[in-house]
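Numbers here simply count residues along the sequence, with the first being 1.
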Amino acid sequence: MSRRIAVVGAGLAGVTTAYELAALGAQVQVFERGGSVAEQASFACSALLSPAVPALSTDLPSAPLRFRLRRWRARGKAGDASAQLAALSQLSLARTAALRQELGLEDEASQGLLLALPDAKRVAAVEVRLEAWKAMGLNVDLIEAGEARLREPGLNPDAPLAAALAVAGGGAGNARLFAQQLRQQARRLGVTFRFHTTVRGLSSDGTGVTLRHDYTPPAEAPTRGTEREPGDTLPQAPGMQDERFDAIVLCNGLGAVALAGQRLPLAALQEVTVTAPLRLLEAHPDLGPKAAWVDPARGLTITRIGQRVRVTGGLAVTGVQHRQPPATADYETLHRGLQHWFPGSVLHQQVQQGISRRAVAPDGLPLLGAGTQPGLWLNLSPGGSGWGQACGAAQALARQVMGESALLDLSALSPQRLA
């Protein structure tokens, strides 16, 4: 008999986890408080697809004092986390490529990833770590500035550039579009989605897990331009409902803090994005990036998704309940960074601004594995390199939940480390 499993959260982590569980034979039901998939942290996230490159940047996002203390204490407890995270991200990029090919997913993908090294100091720092990265299985090469400009001909010729780090397998893609298309594939495997359904609590008795939820539709019908896909808002019975499952996987980011049954010292990692149409000029066919360009010095990622350019940056750690919008200056920094590297490449009058908030642990690592309650599993914050870790995290966790042989040793990423 197949296992009956609930997935809480229909962002990218939840959709990929549901698909992988169903592919292994589980009966899966997804609970989402919103009206469709990828409406929260996955909606305006970075389009970057990158393996994890440890110690690439020593610049940490601003954070409240309490979180900074936790982050400082966590530094000495990393263990084998760097190597495991690098292996997970390599697995994830391969799984993403396989899903695209096998299922015919079209998510405005672009291939290629370069990291800017604007001065000799940055080059020297990379040279010191290059062999260690390669020993982890990362396919990275230090290339000259001239080679980088050949690969990205739209780069500003006046922008200082000493060299670049080329990361094989990296690129960009539309995470929300990927999640929407994978959701349809999951439905074909029997996964059911319950939208506008809020999970209120979980309880475990050792033989199964009970999930308490209620139907929470919006007060008003969706307005034009925010209409949902057919079937997303089917009404459910009113009042609290209890359903029993063999296992529950929390993929609901910050919402997992109240449900996990253990103290999770998580905070919200906030990033801002601007997305604008690419300027198309016959006289200048190379405007904008061809794929993904990362500027660690400025904390910026510039990616090509279809005929649009997305710039991501302004990382800051805030409290879980802190929802104050970022200052306009954060968006201006993104515009200045885009103009610095790819001047005149977008139509600024059609810019869309966005903000993404996802859960982050003090050590910056995902939470991937069994929780403290029997039958409870966590897949939180698999977005450390854009969404480059999402598909691998889902595949690896699904195998754990279903009792299959492990693809990787991910013990250093287990939620138990925070217990």
Shortest non-hydrogen contact from [X] toward [Y]:
{"X": "L138", "Y": "A86", "result": "CD2-CB, 4.3 Å"}
{"X": "N252", "Y": "L380", "result": "N-CD2, 4.1 Å"}
{"X": "L189", "Y": "A22", "result": "CB-CB, 3.8 Å"}
{"X": "A38", "Y": "A179", "result": "CB-CB, 4.1 Å"}
{"X": "L85", "Y": "A52", "result": "CG-CB, 3.8 Å"}
{"X": "A276", "Y": "V346", "result": "CB-CB, 3.7 Å"}

- Check against side chain to side chain contact (heavy atoms under 4.5 Å, CB included), L21 and M402: CA-CA 8 Å; L21 287 167; M402 297 297 288; 4.0 Å; yes
- Just wondering, more than 12 heavy atoms not from E144 lying within 6.0 Å of its CD? no
- Message: Is it the case that atom CZ in R212 sees more than 12 heavy atoms from other parts of the structure closer than 6.0 Å?
- Response: no
Do [X] and [Y] have side-chain heavy atoms sitting under 4.5 Å apart?
{"X": "W133", "Y": "L130", "result": "yes"}
{"X": "R95", "Y": "L99", "result": "yes"}
{"X": "V126", "Y": "L142", "result": "yes"}
{"X": "F245", "Y": "I5", "result": "no"}
{"X": "W341", "Y": "L155", "result": "yes"}
{"X": "T207", "Y": "R244", "result": "yes"}
{"X": "T17", "Y": "W377", "result": "no"}
{"X": "R183", "Y": "V30", "result": "no"}

- Item | Test log, rule side chain to side chain contact (heavy atoms under 4.5 Å, CB included), inputs Q40 and L254 | CA-CA 11 Å; Q40 300 297 320; L254 296 169; over 6 Å; no
Please check: side-chain N/O of [X] versus main-chain N/O of [Y], any donor-acceptor pairing under 3.5 Å?
{"X": "S46", "Y": "G386", "result": "no"}
{"X": "S50", "Y": "G170", "result": "no"}
{"X": "R304", "Y": "A172", "result": "no"}
{"X": "R399", "Y": "A396", "result": "no"}
{"X": "T301", "Y": "T312", "result": "no"}
{"X": "S89", "Y": "P51", "result": "no"}
{"X": "Q352", "Y": "T273", "result": "no"}
{"X": "Q84", "Y": "A412", "result": "yes"}
{"X": "T197", "Y": "F195", "result": "yes"}
{"X": "S110", "Y": "G171", "result": "no"}

Between atom [atom1] of [X] and atom [atom2] of [Y], what is the distance when rounded to the nearest 0.5 Å?
{"X": "R151", "Y": "L113", "atom1": "CZ", "atom2": "CG", "value": "10.5 Å"}
{"X": "Q389", "Y": "S381", "atom1": "CD", "atom2": "OG", "value": "8.0 Å"}
{"X": "R129", "Y": "L165", "atom1": "CZ", "atom2": "CG", "value": "11.5 Å"}
{"X": "S203", "Y": "D242", "atom1": "OG", "atom2": "CG", "value": "7.0 Å"}
{"X": "L105", "Y": "T96", "atom1": "CG", "atom2": "OG1", "value": "10.0 Å"}
{"X": "Y19", "Y": "Q395", "atom1": "OH", "atom2": "CD", "value": "10.0 Å"}

Donor on one side chain, acceptor on other, [X] and [Y], under 3.5 Å:
{"X": "T303", "Y": "R310", "answer": "no"}
{"X": "R336", "Y": "T333", "answer": "yes"}
{"X": "T216", "Y": "R200", "answer": "no"}

- Apply the test side chain to side chain contact (heavy atoms under 4.5 Å, CB included) to residues V274 and H335: give CA-CA distance (whole Å), side-chain angles for both, the deciding distance (0.1 Å), then the verdict. CA-CA 8 Å; V274 294; H335 285 286; 3.9 Å; yes
- Before giving the answer on salt bridge (charged side-chain N to carboxylate O under 4.0 Å, His left out), spell out for K134 and D141 the whole-Å C-alpha distance, their side-chain angles and the decisive distance to 0.1 Å. CA-CA 9 Å; K134 291 183 178 181; D141 290 299; 3.7 Å; yes
- Task: Sort out for me which residue in Q180, Q181, R100 forms a side-chain hydrogen bond (donor to acceptor under 3.5 Å, both in side chains) with D107.
- Result: R100
- Query: Parallel, tilted or perpendicular: which fits the ring planes of F31 and H213, with parallel below 30° and perpendicular above 60°?
  - Reply: tilted
- Measure up the F178 and W387 rings against each other and bin them: parallel (under 30°), tilted (30 to 60°), perpendicular (over 60°). tilted
- From CA spacing to verdict: side chain to side chain contact (heavy atoms under 4.5 Å, CB included), E32, F193: CA-CA 8 Å; E32 167 58 45; F193 287 78; over 6 Å; no
